[in-house]
Amino acid sequence: MKIFFKWFVSLLFITTVGCHYHRSNLIIRNKTNKKIFYSTLAKEVTGEFYNISSGGQVESDRSDSPFIRGRSDGFKTDIDSYSDKLIYIAFFESEEKQYVYKNVDSMMKTGKLKVMKFSKKELDSLDWEITYIEK
């Protein structure tokens, strides 16, 4: 029994210390009457888009923050390392979710996604809080 307990406590400690995912300082507010899905992206020097967080979903009239590795203010420091120094947020419907996650670069280039892009200066002026309003 003592061996099992030590094993369990050790595993719990390793899992807790080893997982460095946190909610980011970026807040996405949904001011529509339906659930939205989003993905946070950056652009490579080659022009290809890639995910910089887990993305997520936001219920109507609610807010969410994406999970990122490292510190919760990681976007504030990482944005300077992105090729164009911008963060892109792509919004889409639930039925498009799996396709978008698997084909993010091609979906960004088709123009079918609703995309917002922000520089660090713009995000600082918004206090890192973005409001999605359907147009």
Side-chain angles (χ1 to χ4, degrees):
M1 183 69 168
K2 286 185 179 184
I3 294 173
F4 176 74
F5 180 73
K6 286 180 182 180
W7 179 81
F8 177 75
V9 170
S10 297
L11 186 61
L12 182 63
F13 177 76
I14 290 169
T15 304
T16 304
V17 173
C19 295
H20 296 286
Y21 285 93
H22 304 280
R23 290 240 178 235
S24 77
N25 59 313
L26 178 67
I27 299 169
I28 299 173
R29 295 207 177 281
N30 179 7
K31 292 294 183 183
T32 68
N33 60 358
K34 61 183 178 182
K35 182 191 303 187
I36 59 169
F37 291 81
Y38 68 90
S39 189
T40 52
L41 309 157
K43 193 188 287 189
E44 294 275 5
V45 175
T46 60
E48 292 184 36
F49 289 91
Y50 63 97
N51 286 301
I52 55 176
S53 76
S54 63
Q57 62 187 22
V58 189
E59 296 291 336
S60 175
D61 206 31
R62 301 268 184 199
S63 64
D64 187 51
S65 294
F67 281 103
I68 59 172
R69 287 192 77 159
R71 301 182 342 218
S72 60
D73 64 347
F75 283 148
K76 287 185 179 184
T77 55
D78 292 349
I79 194 169
D80 291 329
S81 69
Y82 305 148
S83 66
D84 58 2
K85 299 187 180 352
L86 297 172
I87 291 177
Y88 296 80
I89 303 170
F91 298 94
F92 44 91
E93 305 290 327
S94 65
E95 57 272 0
E96 300 171 305
K97 182 172 71 169
Q98 290 305 318
Y99 188 77
V100 170
Y101 288 154
K102 292 178 182 177
N103 304 286
V104 68
D105 183 59
S106 60
M107 286 299 290
M108 287 291 286
K109 292 175 179 172
T110 63
K112 293 182 179 181
L113 300 176
K114 297 170 187 159
V115 179
M116 300 169 85
K117 63 181 179 178
F118 300 93
S119 68
K120 185 175 183 178
K121 185 176 180 179
E122 290 170 320
L123 289 166
D124 283 341
S125 73
L126 296 170
D127 199 26
W128 289 77
E129 188 171 311
I130 296 163
T131 302
Y132 178 79
I133 301 170
E134 198 166 46
K135 295 177 184 175

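- Judged by distance alone, with hydrogens and angles left aside, the side-chain atoms of Ser39 form no donor-acceptor pair with the main-chain N or O of Gly55 at under 3.5 Å.
- Cluster membership for Ile27 and Val58, using ILVMFWY side-chain heavy atoms within less than 4.5 angstrom, is not shared.
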request  = Apply side-chain contact (heavy atoms from CB on, under 4.5 Å) to the pair Glu96 and Phe37, showing each step before the final yes or no.
outcome  = CA-CA 9 Å; Glu96 300 171 305; Phe37 291 81; over 6 Å; no

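- Phe118 has its side chain within reach of Ile89: a pair of non-hydrogen atoms, C-beta onward, lies under 4.5 Å apart.
- Asp105 contributes no side-chain N or O that, together with a main-chain N or O of Lys109, makes up a donor-acceptor pair within less than 3.5 Å.
- Tyr82 and Tyr50 get closest at one heavy-atom pair: CD2-OH, 3.5 Å.
- For Tyr88, the ring pair (Phe, Tyr, Trp, His ring centres under 6.0 Å) test picks out Phe49, with sequence neighbours left out.
- Atom NZ of residue Lys117 and atom CD of residue Glu122 lie 9.0 Å apart, to the nearest 0.5 angstrom.
- Judged purely by atom type and a 3.5 angstrom limit, Lys85 uses its side chain to pair as donor or acceptor with the backbone of Asp80.
- With respect to Asp124 and Lys120, no salt bridge is recorded, no charged nitrogen being found less than 4.0 Å from a carboxylate O.
- When all heavy atoms are compared, the tightest approach of Tyr132 to Met116 is CD1-SD, 4.5 Å.
- For Ser83 (side chain) and Glu44 (main-chain N/O), a donor-acceptor pair under 3.5 Å exists by modelled atom type.
- With hydrogens and angles ignored, the 3.5 Å screen pairs no side-chain donor or acceptor of Asp64 with any backbone N or O of Ile28.
- Judged by distance alone, the side chain of Ser65 and the main-chain N or O of Asn25 form no donor-acceptor pair under 3.5 Å.
- The two residues Ser119 and Ile79 come nearest to each other via the heavy atoms C-CD1, 3.9 Å.
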